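Okay, so here's the structure we're looking at.
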Amino acid sequence: MYQNLRLSKHWLMMDFMHDPAVYEAYKPLPFEKGVTEEAVDHGIQLCTELIEPMMATWGVASISAGYRPHCLGAAGPHRWNEENGAAADFIFRDWVNHERSPIKLAEELMFSDLAFERIITYAGSEVVCLAVKRNNPRFAIIENRRHRNRTQEKPKRIVHCTCKSDHSKHPLGFQDFVDWRRGPNENMYHANGQIRPQHVRVGRYFTLLDFCRDEFGIERGLPRVVVPEVSKRQIIYARMFADVLDPLTAAVGRLAVVEGLVPPALAKIYDKETALLRRWTEGPARVKFVLPEGVGHEEALPYLQDAEGVTGIDIEDHGSGDAVAITLQIKPFRPRTLYASDKLFGYAGGAIPDHLYDYSPLLMP
């Protein structure tokens with residue numbers, strides 16, 4: 001099972017199975033077909049040698065795009081093999097929540113002792129693509145910079161470094177801009193202009209995609225993410241869960257959601273009660289997540305027991321090693337406004353971060 005395969009303290013293989021190239025393919029991915037030993041080996045390197053050390057320094061990260069199995073015809077570093085290494089797209093939440101730009105994260109990585117194949121930033125986006133390679137990593141740094149006049153032109157691609165020796169050419173780092181984020185009417189070149197679930201921020205550490213989790217959907221090739229433009233109620237529920245789980249994440253580290261929101265077509269495979277809890281359209285809702293390896297439920301319960309809206313907490317050992325899974329059930333409530341520094345966040349639909357999404361017309365009684 002994808003969720004039982006642990007890559008590092010905070011990351012499961014299932015976390016990386018929600019790449020758009022995978023969830024938009026609608027092709028069955030049985031575990032024995034979707035994951036090779038070679039891919040696992042490189043995924044472990046990506047997580048343990050790069051992402052975990054980065055999170056220890058720069059805070060919790062979440063996935064925007066992950067692993068693309070060879071059986072789907074994928075190529076390049078997202079395929080995770082010896083030729084290309086391994087790559088995935090990440091957002092370091094505590095970094096961007098305080099309005100620090102991804103190119104400055106690339107700068108910090110350049111000045112660190114961590115080995116990497118490449119880091120790519122995307123115009124107006126919080127996302128960075130990070131890659132590792134076992135032999136002779138390049139240490140490449142590439143920036144896709146938005147135009148200063150905010151035109152709809154294709155961003156300018158700037159190759160700052162192609163090898164480690166190039167780092168010495170940038171002793172002062174890279175130029176930064178205060179308004180590095182994409183404006184409300186600018187194209188989203190990173191994603192072919194589409195607003196996808198990973199672009200809908202619902203809390204301090206979570207996007208809508210972080211909650212679109214279903215292993216049966218992966219195995220059977222069923223649609224398993226919701227369309228942001230038509231998923232207003234689900235966004236509200238995601239905000240509620242983020243409201244409960246953000247303080248826990250801040251305390252213990254990244255949480256790996258393994259059962260969350262499912263679209264109506266996928267909900268049909270479940271019994272009536274389970275379908276209701278996982279559609280997130282009315283009444284109570286449920287999510288299941290795995291604590292970081294080695295973190296016990298005793299550390300988590302104080303953050304959950306008295307949280308607003310929580311009506312049920314079930315605890316069980318998880319098959320990914322020394323790990324605990326918690327199933328959390330809530331009833332509808334009004335999520336709080338969250339802050340990072342002096343900026344509002346918890347925004348939806350690609351809006352700029354000082355825009356607070358108005359949930360009130362959609363809240364259930």
Side-chain angles (χ1 to χ4, degrees), residues 1-25 27-55 60-82 84-93 116-120 127-134 191 196-198 205-219 221 224-225 253-260 288-290 292-293 318-321 323:
M1 296 175 69
Y2 291 105
Q3 66 173 277
N4 290 340
L5 177 54
R6 181 169 292 280
L7 301 180
S8 69
K9 178 178 180 178
H10 294 95
W11 298 95
L12 309 177
M13 189 68 205
M14 190 170 178
D15 294 319
F16 294 89
M17 297 305 300
H18 297 83
D19 188 282
V22 174
Y23 69 68
E24 292 177 354
K27 293 182 179 180
L29 275 176
F31 179 77
E32 62 276 7
K33 179 181 179 182
V35 176
T36 65
E37 290 186 13
E38 181 183 39
V40 173
D41 190 33
H42 289 282
I44 290 173
Q45 182 195 8
L46 174 65
C47 292
T48 59
E49 296 182 15
L50 185 59
I51 307 306
E52 292 281 4
M54 290 182 69
M55 290 203 303
V60 173
S62 61
I63 285 281
S64 175
Y67 169 62
R68 299 169 188 170
H70 171 62
C71 61
L72 293 182
H78 281 263
R79 178 174 158 180
W80 296 13
N81 58 19
E82 193 65 32
N84 296 294
D89 292 0
F90 298 88
I91 305 170
F92 285 80
R93 297 297 179 194
F116 59 97
E117 170 67 6
R118 70 160 192 263
I119 179 170
I120 302 175
V127 174
V128 294
C129 180
L130 288 160
V132 294
K133 197 173 183 181
R134 181 150 293 119
R196 290 171 169 160
Q198 61 262 39
Y205 294 113
F206 296 92
T207 65
L208 184 60
L209 181 66
D210 291 322
F211 291 112
C212 294
R213 295 291 190 266
D214 187 275
E215 197 155 48
F216 288 117
I218 297 173
E219 294 265 349
R224 55 191 179 274
V225 304
R254 182 183 183 275
L255 309 176
V257 176
V258 293
E259 294 180 13
K288 182 177 179 180
F289 59 90
V290 180
E293 189 175 33
H318 192 256
S320 60

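Just so you know, these numbers come straight off a predicted model, no measurement behind them.
With sequence neighbours left out, the side-chain hydrogen bond (donor to acceptor under 3.5 Å, both in side chains) criterion links H318 to Q3, S320. Remark: R196 pairs with E24 by the salt bridge (charged side-chain N to carboxylate O under 4.0 Å, His left out) rule, at least two apart or across chains. With sequence neighbours excluded, the residues that form a side-chain contact (heavy atoms from CB on, under 4.5 Å) with V60 are Y205, T249, R254. By the side-chain contact (heavy atoms from CB on, under 4.5 Å) test, D41 is found to be paired with R134, residues two or more places apart in sequence or in another chain being considered. Every side-chain contact (heavy atoms from CB on, under 4.5 Å) that A131 has, sequence neighbours left out, goes to A87, E117, R118. The side-chain contact (heavy atoms from CB on, under 4.5 Å) test applied to E52 returns S8, K9, H10, W11, M55, not counting sequence neighbours. With sequence neighbours excluded, the residues satisfying side-chain hydrogen bond (donor to acceptor under 3.5 Å, both in side chains) with N81 are N84. In this structure, Y23 has no ring-ring contact (aromatic ring centres under 6.0 Å, His included) partners at least two apart in sequence or on a different chain.
Pairing each heavy atom of P53 with each of L50, the nearest pair is CD-O, 3.2 Å. The shortest non-hydrogen separation linking E219 to P30 is OE1-CA, 3.1 Å. Nearest heavy-atom pair, W80 versus M13, reported as atom, atom and distance to 0.1 Å: CZ3-CE, 3.7 Å. Scanning all heavy atoms of the two residues, the minimum distance from K27 to L72 falls at CD-CD2, 3.7 Å. Listed here is the closest heavy atom pair of V225 and P197: CB-CG, 4.1 Å.
To the nearest 0.5 Å, atom CE of residue M54 and atom SG of residue C47 are 12.5 Å apart. To the nearest 0.5 Å, atom CG of residue D15 and atom CZ of residue R6 are 9.0 Å apart. Note: I218 CD1 to H18 NE2 = 4.0 Å, rounded to the nearest 0.5 Å.
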**OP:** For side chain to side chain contact (heavy atoms under 4.5 Å, CB included), just list the numbers for R213 and R224, CA-CA rounded to whole Å, side-chain angles, deciding distance to a tenth of an Å, and then say yes or no.
**Re:** CA-CA 7 Å; R213 295 291 190 266; R224 55 191 179 274; over 6 Å; no
**OP:** Might you work through the side chain to side chain contact (heavy atoms under 4.5 Å, CB included) test for V132 and E49, ending with a clear yes or no?
**Re:** CA-CA 8 Å; V132 294; E49 296 182 15; 5.6 Å; no
**OP:** Take F90 and L46 through the test side chain to side chain contact (heavy atoms under 4.5 Å, CB included) and record every step on the way to the result.
**Re:** CA-CA 12 Å; F90 298 88; L46 174 65; 4.3 Å; yes
Subject >> Worked verdict on Y2 versus V35 for side chain to side chain contact (heavy atoms under 4.5 Å, CB included) >> reply: CA-CA 8 Å; Y2 291 105; V35 176; 3.3 Å; yes
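Applying the salt bridge (Lys or Arg N to Asp or Glu O under 4.0 Å) definition to pairs two or more places apart or across chains, none involves residues 29-40.
Within the 4.5 Å cutoff, the side chain of V40 has heavy atoms near those of the L7 side chain. Looking at heavy atoms from C-beta onward, E215 lies out of side-chain contact with E259 at the 4.5 angstrom threshold. Residues C129 and H78 meet the side-chain proximity criterion, which asks for heavy atoms closer than 4.5 Å.
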Identify each donor-acceptor pair in which a side-chain atom of residues 61-69 lies under 3.5 Å from a protein atom, sequence neighbours left out, and give them as a table.
{"residue": "S62", "atom": "OG", "partner": "R93", "partner atom": "NE", "Å": "3.1"}
{"residue": "S62", "atom": "OG", "partner": "R93", "partner atom": "NH2", "Å": "2.9"}
{"residue": "Y67", "atom": "OH", "partner": "G34", "partner atom": "O", "Å": "3.0"}
{"residue": "R68", "atom": "NE", "partner": "D19", "partner atom": "OD1", "Å": "2.9"}
{"residue": "R68", "atom": "NE", "partner": "D19", "partner atom": "OD2", "Å": "2.9"}
{"residue": "R68", "atom": "NH2", "partner": "D19", "partner atom": "OD2", "Å": "3.3"}

